[in-house]
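Input: a single structure, listed below in structure tokens.
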Amino acid sequence: MYQTVGINTKMNIKVTDIINKKTYDKVVELLVEYNLSKTQELKNEINKPIEIIARDNNGEIIGGLYGRSIWGTLEIKTFVIKPENRNNGIGRKLILEAEKEAKTRNCRYMSLDTFSFQAPEFYEKLGFIKIGTETDFPKGFEKYYYRKEIQKT
């Protein structure tokens, strides 16, 4: 169904739960173009992904961290340690490796978000400061937003 919006602009809106990679990439491209138009003074920052993986002696993945450095901040998007490997210092080592890489990339901050059931005190022990809380997300829990200032050495 087409609708007229604005002056002579027609559009079609489609809602689906199946992500089309080509369409997704185009939407991301539009966002990147817009963001670049507003952040020219940050164009020399190191903006690239990061992957840090921990494997056991058999080569099996026991934990990992994914994120990106963007505009002077290393943003952690995905971080997990297998339950049976927790409380052995592995998570701490991965975060410290991320911080080391953040320094290499000249980042001033690290940021992440986590749910109340995902051990937020772990991040606080590593120097992250809670800067925001979203209540009842997911239902009955909270989502916390953390940031850590990177100390220059």
Validation row: I53, Y66 side chains within 4.5 angstrom (heavy atoms): yes

Inter-residue atom distance L65.CG - L112.CG, 0.5 Å rounding: 9.0 Å

Verify same cluster id: I52, I46 (apolar side-chain graph, 4.5 Å): no

Considering all heavy atoms, the nearest G63-L94 contact: C-CD1, 4.1 Å

Distance, nearest 0.5 Å, that separates SG of C107 from CD of E149: 12.5 Å

E45 side, atom CD; R105 side, atom CZ - distance, nearest 0.5 Å: 12.0 Å

Within 6.0 Å of NZ in K130, more than 12 heavy atoms from elsewhere: yes

Pairs under 3.5 angstrom only: tabulate donor-acceptor contacts from the side chains of residues 72-83 to other protein residues two or more places apart or in another chain.
residue, atom, partner, partner atom, Å
E75, OE1, R68, NE, 2.8
E75, OE1, R68, NH2, 3.2
K82, NZ, E60, OE2, 2.5
K82, NZ, E84, OE2, 3.2

Cluster overlap I70 with I50, hydrophobic side-chain contacts below 4.5 Å: no

Taking only distance into account, with no hydrogens and no angle test, what donor-acceptor pairs under 3.5 Å do side-chain atoms of residues 136-144 form with protein atoms, sequence neighbours excluded?
residue, atom, partner, partner atom, Å
D136, OD1, G140, N, 2.7
E142, OE1, Y144, OH, 2.7

M11-L30 co-clustered via ILVMFWY side chain contacts under 4.5 Å: no

Minimum heavy-atom distance W71-R108, with the two atoms named: O-NH2, 3.5 Å

Which atom of Y123 lies closest to which atom of I95, heavy atoms considered: CE2-CD1, 4.3 Å

ILVMFWY network linking F128 to F117, side-chain heavy atoms under 4.5 angstrom: no

Residue list, side-chain contact (heavy atoms from CB on, under 4.5 Å) with V27, at least two apart or on another chain: none

Exam field: side chain T23 to backbone I19, donor-acceptor pair closer than 3.5 Å: no

Check: N88 side chain, I90 main-chain N or O, donor-acceptor pair, under 3.5 Å: no

M110 side chain reached by Y146 side chain, heavy atoms, under 4.5 Å: no

Rounded distance (nearest 0.5 Å) linking atom CD of E99 with atom CD of Q151: 8.5 Å

Heavy atoms of other groups near D56 CG, more than 12 under 6.0 Å: yes

Pairwise distance CG(N57) to CD1(I62) - rounded to 0.5 angstrom: 8.5 Å

